[in-house]
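Chain letters run A, B, ... following the sequence lines, proteins first, then strands; residues in each count from 1. Source: prediction; values computed, not measured. The basis for the numbers below is simple: all heavy atoms, side chains too, and nothing from hydrogens, waters or symmetry mates.
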Amino acid sequence: MPELPEVEMVRRRLDSNCVGKRILKVDVIDDGILDHISASRLAKALKGNTIVSVRRIGKQLFVEIESGKVLTVHLGLTGDVDCPPTLPDGERWMRFALGFDDGTALAYYDLRKFGAVGLATSIDDFVKRRKLGPDALSITENDFLARVSAHKKSIKSVLLDQHIVAGIGNLYADEALFQARLHPLTNASKIQARRLRLLHEVLLAVLRASIAVETDFERLPSGYLLRERRKGAPCPRGNGHLVSIVAAGRTTILCPRCQRLPRAFAEGAH
DNA sequence: AGTACCACCTGACGGC
DNA sequence: TGCCGTCAGGTGGTAC
């Protein structure tokens, strides 16, 4: 379930449970989740190191260690990281684990194995190599406007593109577009500047609200699409019912009355 | 270069 | 009950 708010919850969990601890054991249960590195090379780089900090850009986690190297962690579609009191053994879906000097552990779970664990020279180096865009919570309004309006594809696929802005996934894209009353298929380069400023503003509000309720959508204020995001559910503004379309190849839920698509603004129109 | 599409992997769910 | 098709919140590579 991990988009920016979910990954931020994991970051905070690791920050309060792992920083300052020394890695004694590196347990690679399934090397299919390793990102272009062997289990032995990763273990060698990590063992004996103390964890210095845990950072996040978009959906990407960075665990910085004493040596200066960085353990990179991505949760994919179904990943999660836990900090159990002892090193687990044989748990379902556990793919990777670290054992610390105080007996506690870090355990990485990933049912579908779309996630990845790797090693980087530095956060900057990783960001450059992957061309990762600025984090959705930190990007300035001007940068957001410039980056988003530079693309002619649909606003939905722009929001999902981690090279443009990092951290937004299918669900939060739908929520932000609903809040900004933008149709997902609107050509991003044709959206007025003031509407893009609104989109930036609601995007920040949505991400912050989700973090505030610890990503429990049921606790979101009324008026949020995420409380009941499904085809046929009532529009949170009371404007009829939600529908489902495919945008950017993904299931997209919207309110056809709140989110109109002017013909001239459609993707591909000119 | 920019955009569109598929594959990667496993499980849950609805229909027959 | 059981089998089958469909769908799921991400991303990288490949093919236009």
Could you check how far [atom1] of [X] sits from [atom2] of [N], rounded to whole Å?
| X | N | atom1 | atom2 | answer |
| --- | --- | --- | --- | --- |
| A:Leu160 | B:dC5 | CG | C1' | 14 Å |
| A:Lys153 | B:dC5 | NZ | P | 12 Å |
| A:Asp174 | C:dG9 | CG | C1' | 10 Å |
| A:Leu185 | B:dA4 | CG | C1' | 14 Å |
| A:Gln60 | C:dT11 | CD | P | 9 Å |
| A:Lys131 | B:dG2 | NZ | P | 11 Å |
| A:Lys156 | B:dT3 | NZ | P | 17 Å |
| A:Leu132 | C:dT11 | CG | P | 9 Å |

Quick one: which residue pairs count as a side chain to side chain donor-acceptor pair (under 3.5 Å) with a foot in [range], not counting sequence neighbours?
| range | result |
| --- | --- |
| residues 159-171 of chain A | A:Lys153-A:Asp161, A:Lys156-A:Asn170, A:Asp161-A:His163 |
| residues 51-64 of chain A | A:Glu8-A:Arg56, A:Ser53-A:Glu64, A:Arg55-A:Glu64, A:Arg56-A:Asp135 |
| residues 88-104 of chain A | A:Lys21-A:Asp102, A:Lys21-A:Thr104, A:Glu91-A:Tyr109, A:Asp102-A:Thr104 |

Would you call the rings of A:Phe217 and A:Tyr172 parallel, tilted or perpendicular if under 30° counts as parallel and over 60° as perpendicular?
-> perpendicular
Please list all pairs passing the ring-ring contact (aromatic ring centres under 6.0 Å, His included) test where one or both residues lie in residues 37-74 of chain A, with sequence neighbours left out.
-> A:Phe62-A:Phe126
Taking only residues two or more places apart in sequence or in another chain, which ones pass salt bridge (Lys or Arg N to Asp or Glu O under 4.0 Å) with [X]?
| X | value |
| --- | --- |
| A:Arg237 | none |
| A:Arg194 | none |
| A:Glu201 | none |
| A:Arg250 | none |

Spacing of the P atoms in C:dC3 and B:dC9 (rounded, Å) | 23 Å
Could you give the distance separating B:dA1 and C:dT11 at their P atoms, to the nearest angstrom?
-> 23 Å
Does atom CZ of A:Arg260 have more than 12 heavy-atom neighbours from other groups under 6.0 Å away?
-> no
Can you tell me if [X] touches the phosphate of [N], counting only side-chain N or O atoms and a distance under 4.0 Å to OP1 or OP2?
| X | N | answer |
| --- | --- | --- |
| A:Lys152 | B:dG2 | no |
| A:Gln162 | C:dT11 | yes |
| A:His151 | B:dG2 | no |
| A:His74 | C:dT11 | yes |

If you look at every heavy atom in A:Leu42 and A:Val117, which pair is closest and at what distance?
-> CD2-CG1, 4.2 Å
For each nucleotide in nucleotides 8-14 of chain B, reading 5' to 3', give B when a protein heavy atom comes within less than 4.0 Å of its base, S when such contact involves only the sugar-phosphate, and - otherwise.
-> BBBS---
Return the stems involving DNA chain B, sorted by first number, where pairs are Watson-Crick (N1-N3 with N6-O4 or O6-N4) or G-U wobble (N1-O2 and O6-N3), both under 3.5 Å, and runs are 3 or more long.
-> B:2-8 with C:10-16, B:10-16 with C:2-8
For A:Phe217 and A:His36, take the nucleotide of DNA chain C holding the closest heavy atom to each; which residue's nucleotide lies nearer the 5' end?
-> A:Phe217
side-chain hydrogen bond (donor to acceptor under 3.5 Å, both in side chains) against A:Asn239, all qualifying residues, sequence neighbours excluded | none
DNA chain B contacts among residues 246-256 of chain A, heavy-atom distance under 4.0 Å = none
